[in-house]
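Lettering follows sequence order; numbering is per chain, from 1.
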2 protein chains.
Amino acid sequence: MVARYIEIKNSIKDDILQKRYQVGEKIPSERELALIYGVTRVTLQKSMHLLEQEGFIERIHGKGMFVARVIDDDVYMLNNGAGDSVLGFSREFHHQAKISSQLITHQMLCATPEIAQQLEAQPGQVLHYIRRVRLIDNTPVLIEDSWINAAVIADIPNTVLDGGSLYEYIETYTGKKIKFYNSVIEGDLFTKEMADMLGIAPGVPMLKVSGVTKLEDGTAFNYSLSYNRADKFKIKNNWVGK
Amino acid sequence: MVARYIEIKNSIKDDILQKRYQVGEKIPSERELALIYGVTRVTLQKSMHLLEQEGFIERIHGKGMFVARVIDDDVYMLNNGAGDSVLGFSREFHHQAKISSQLITHQMLCATPEIAQQLEAQPGQVLHYIRRVRLIDNTPVLIEDSWINAAVIADIPNTVLDGGSLYEYIETYTGKKIKFYNSVIEGDLFTKEMADMLGIAPGVPMLKVSGVTKLEDGTAFNYSLSYNRADKFKIKNNWVGK
DNA sequence: TAGTGGTCTAGACCACCTG
DNA sequence: AGGTGGTCTAGACCACTAG
């Protein structure tokens, strides 16, 4: 059951990505598009506001809506607050490159008070602890630690951890969608130990991203901490006022 | 002319910040709040969706709306995609600390092709080039380079660059609000030259943030590049599905 | 079953931009 | 003046959660 305004948003996003509109070009007005898609203006506006937040169009009061120039780049972009790159490394990049994982460890342990608090669970709660090195085209680019509440996801097959999408597995397993991801980005340097795992020199800059993921029913199931090579990743952000 | 849904959003945000609701507590339903504020559900929902994007509440289908735990921290948070910290360093932090600036240079120059493209202007367009070191409680924490289109803002008094808010000045000067800020975050290390300007050791990690700022009529007026001490800043991000 | 958020309609009026 | 996006109303029905 996909909402109509999501379908319309994706349809127009596709038009932009397929270059059916040129960069900077004015697209049809809200009233025209509402007529075309057979919805009211309110519904169409929901689509267009989303498209604006995702950085594909700019809405200018009194003028119209215009296709934004979209930045393409040589490095990998982790989109913030827009798009779906939040929904997992595999899902995001597997179309443009070969994604693989090296499972360092997968064990069950009890939550420390700190992690329990992040997961809104009791200290001592049984968790999966997973450490993976992730590779793009066979080059190691990041280390990711995940703590996953075993009360929410009891079993995690190692086949999922090798190459599959963990988030996709969880959505299938629970029958619920992922709705919240609250994260914090920090800059730091790789320690020798971590640099060795990635096969790079120590003292290389990194982007550290930590955060909690929740399902649509509010269940916090995953706390993760990833250490990303700063020469391989950038984070894009589109802020829109009001 | 402030929209009703913005007023309502701020009113409820204030209730949360003033602890009139406890963390995790359920707040009144949409229908109740719509009645209280004398608006329809559609209007109230706009308020609550904003509040959710800003990370203050979580909306759970079938259950209700709940106050999110808000992360307070010792370091300074640059909020992404939510809140207004995008709208300038001064405006964001002057309530919690003494903000000052050290003006390194302010000169007029002609746009290179690269910067002209960012500003959607012609190469050779006259620009302000401004380099400032910014301080929190007299500690230098970042270096910021700005290129501002002189065709949009002709005069920039040095009093504004010293301690005032540049963005506030621009909104007053042009009579328009800032609507877009598209930025990219990268991790890197401070060079010796930059480290010297901040009085720190070279090789310290930094968060580099670059981006273009536009007014509500779509005018790109500012391209900026800031080099932030990674031990002083974090960047927060709230992603909400759908 | 009752209450919650999620979606959608068919209008209306306002604010901004251009000719 | 005419077209654009921005806001708002007063309903309706659907999907999810709980007791």
Side-chain angles (χ1 to χ4, degrees), chain A residues 1-10 12 25-53 56-68 171 174-180 214-219 240-242, chain B residues 1-10 12 25-53 56-68 171 174-180 214-219 240-242:
Chain A
M1 185 48 194
V2 180
R4 188 81 180 101
Y5 73 91
I6 299 282
E7 291 178 341
I8 295 171
K9 182 209 70 174
N10 288 330
I12 298 176
E25 185 182 343
K26 186 171 184 242
I27 68 179
S29 73
E30 291 182 351
R31 287 164 178 85
E32 288 178 83
L33 290 171
L35 203 61
I36 291 170
Y37 285 100
V39 295
T40 58
R41 262 186 78 207
V42 179
T43 300
L44 190 104
Q45 280 175 330
K46 286 189 74 168
S47 310
M48 305 317 276
H49 280 129
L50 273 179
L51 219 42
E52 183 182 51
Q53 286 186 314
F56 289 95
I57 62 167
E58 290 177 0
R59 294 164 62 81
I60 310 293
H61 194 173
K63 289 184 180 173
M65 303 184 285
F66 303 85
V67 177
E171 289 189 341
T174 63
K176 296 182 191 306
K177 293 212 164 171
I178 291 164
K179 168 147 187 194
F180 302 101
K214 300 185 185 182
L215 297 172
E216 58 189 347
D217 66 358
T219 311
V240 181
K242 290 288 175 65
Chain B
M1 183 51 193
V2 181
R4 190 78 181 102
Y5 74 90
I6 299 282
E7 291 177 342
I8 295 171
K9 180 209 71 173
N10 288 331
I12 298 176
E25 187 181 342
K26 185 170 183 240
I27 67 178
S29 72
E30 291 183 351
R31 286 162 178 87
E32 288 178 85
L33 289 171
L35 203 62
I36 290 170
Y37 285 101
V39 295
T40 58
R41 261 186 79 206
V42 179
T43 300
L44 190 104
Q45 280 176 328
K46 287 188 73 166
S47 310
M48 304 318 276
H49 280 129
L50 273 179
L51 219 43
E52 183 182 51
Q53 286 186 314
F56 289 95
I57 62 168
E58 290 177 1
R59 294 163 63 79
I60 311 293
H61 194 172
K63 290 186 181 171
M65 302 185 285
F66 302 85
V67 177
E171 288 190 341
T174 63
K176 297 181 192 306
K177 294 212 164 172
I178 291 163
K179 169 147 187 194
F180 302 100
K214 299 185 184 182
L215 298 172
E216 58 189 346
D217 67 357
T219 310
V240 182
K242 291 288 174 66

| field | Aromatic ring of B:H61 stacked on base six-ring of C:dG6, 5.5 Å, 30° | value | no
| request: Let me know the distance between CD of A:E30 and C1' of C:dC14, rounded to the nearest Å. | output: 14 Å
| said: Whole angstroms only, please: what is the CD1-C1' distance between A:I60 and D:dT4? | reply: 11 Å
| Does any non-hydrogen side-chain atom of B:E7 lie less than 4.5 Å from one of B:Y37? | no
| query | Does A:R31 get its side chain close enough to the base of D:dG5, under 3.5 Å, for a donor-acceptor pair? | reply | yes
| Nearest-nucleotide comparison on DNA chain C, the residue closer to the 5′ end among A:G62 and A:Y5 | A:Y5
| said: Without decimals, in angstroms, what is the distance between A:K176 NZ and C:dG5 P? | reply: 17 Å
| request: Using whole Å, report how far CZ of B:R59 lies from C1' of D:dA15. | output: 14 Å
| task | Using heavy atoms to find the nearest nucleotide of DNA chain D for A:K242 and A:D217 separately, return the residue whose nucleotide is more 5′. | result | A:K242
| CD1 on A:I27 to CG on A:L51, rounded to 0.5 Å | 7.0 Å
| Inter-residue atom distance A:K179.NZ - B:H61.NE2, 0.5 Å rounding | 9.5 Å
| task | From the options D:dA10, C:dG6, C:dC8, select the nucleotide whose nearest atom is closest to the side chain of A:R4. | result | C:dC8
| Which value, rounded to the nearest 0.5 Å, describes the distance between A:M48 atom CE and A:E30 atom CD? | 7.5 Å
| Rounded to the nearest Å, what distance is computed from the CE atom of residue B:M1 to the P atom of nucleotide C:dA15? | 6 Å
| request: Check whether any side-chain N or O of B:K177 sits under 4.0 Å from OP1 or OP2 of D:dG6, and answer yes or no. | output: no
| request: Report which part of the nucleic acid B:G38 touches: base, sugar-phosphate, or nothing (heavy-atom distance under 4.0 Å, all strands). | output: sugar-phosphate
| remark: From CE of A:M65 across to C1' of D:dG5 the rounded distance in Å is 8 Å
| note | When rounded to the nearest 0.5 Å, the distance separating CD1 of A:I36 from CG of A:L44 is 9.0 Å
| message | With rounding to the nearest 0.5 angstrom, report the CD to CD1 distance, B:E216 to A:I60. | response | 9.0 Å
| Residue whose closest nucleotide on DNA chain C lies nearer the 5' end, B:I27 versus A:A3 | B:I27
| Distance in Å, A:I57 CD1 paired with A:H49 NE2, rounded so as to fall on 0.5 Å steps | 8.5 Å
| If a stem is a run of at least 3 consecutive Watson-Crick or G-U pairs, both distances under 3.5 Å, which stems include DNA chain D? | C:1-18 with D:1-18
| Check ion pair A:K63-A:E58 (N to O, under 4.0 angstrom) | no
| said: Please tell me if A:K26 has a side-chain N or O lying less than 4.0 Å from either OP1 or OP2 of D:dG5. | reply: no
| Nearest-Å distance, NZ (B:K179) to P (D:dT4)? | 16 Å
| query | What closest approach, in Å, do B:Y5 and B:T43 show between heavy atoms, and which atom pair accounts for it? | reply | CB-O, 3.7 Å
| Contacts to DNA chain D from residues 41-49 of chain B, heavy-atom cutoff under 4.0 Å, which residues? | B:R41, B:V42, B:T43, B:K46
| query | Heavy atoms under 4.0 Å, any strand shown: does B:E52 hit a base, just sugar-phosphate, or nothing? | reply | nothing
| task | Among the candidates D:dT9, D:dG6, C:dG5, find the nucleotide nearest to the side-chain atoms of B:V39. | result | D:dT9
| OP1, OP2 of D:dA18 versus side-chain N and O of B:K63: anything below 4.0 Å? | yes
| request: May I ask you to say whether A:K242 pairs ionically with A:E52, meaning some side-chain N is under 4.0 Å from a carboxylate O? | output: no
| request: Under 4.0 Å between any heavy atoms, over every strand shown, what does A:S29 touch: base, sugar-phosphate, or nothing? Just pick one. | output: sugar-phosphate
| remark: A:Y37 atom OH is separated from C:dC8 atom P, nearest whole Å, by 14 Å
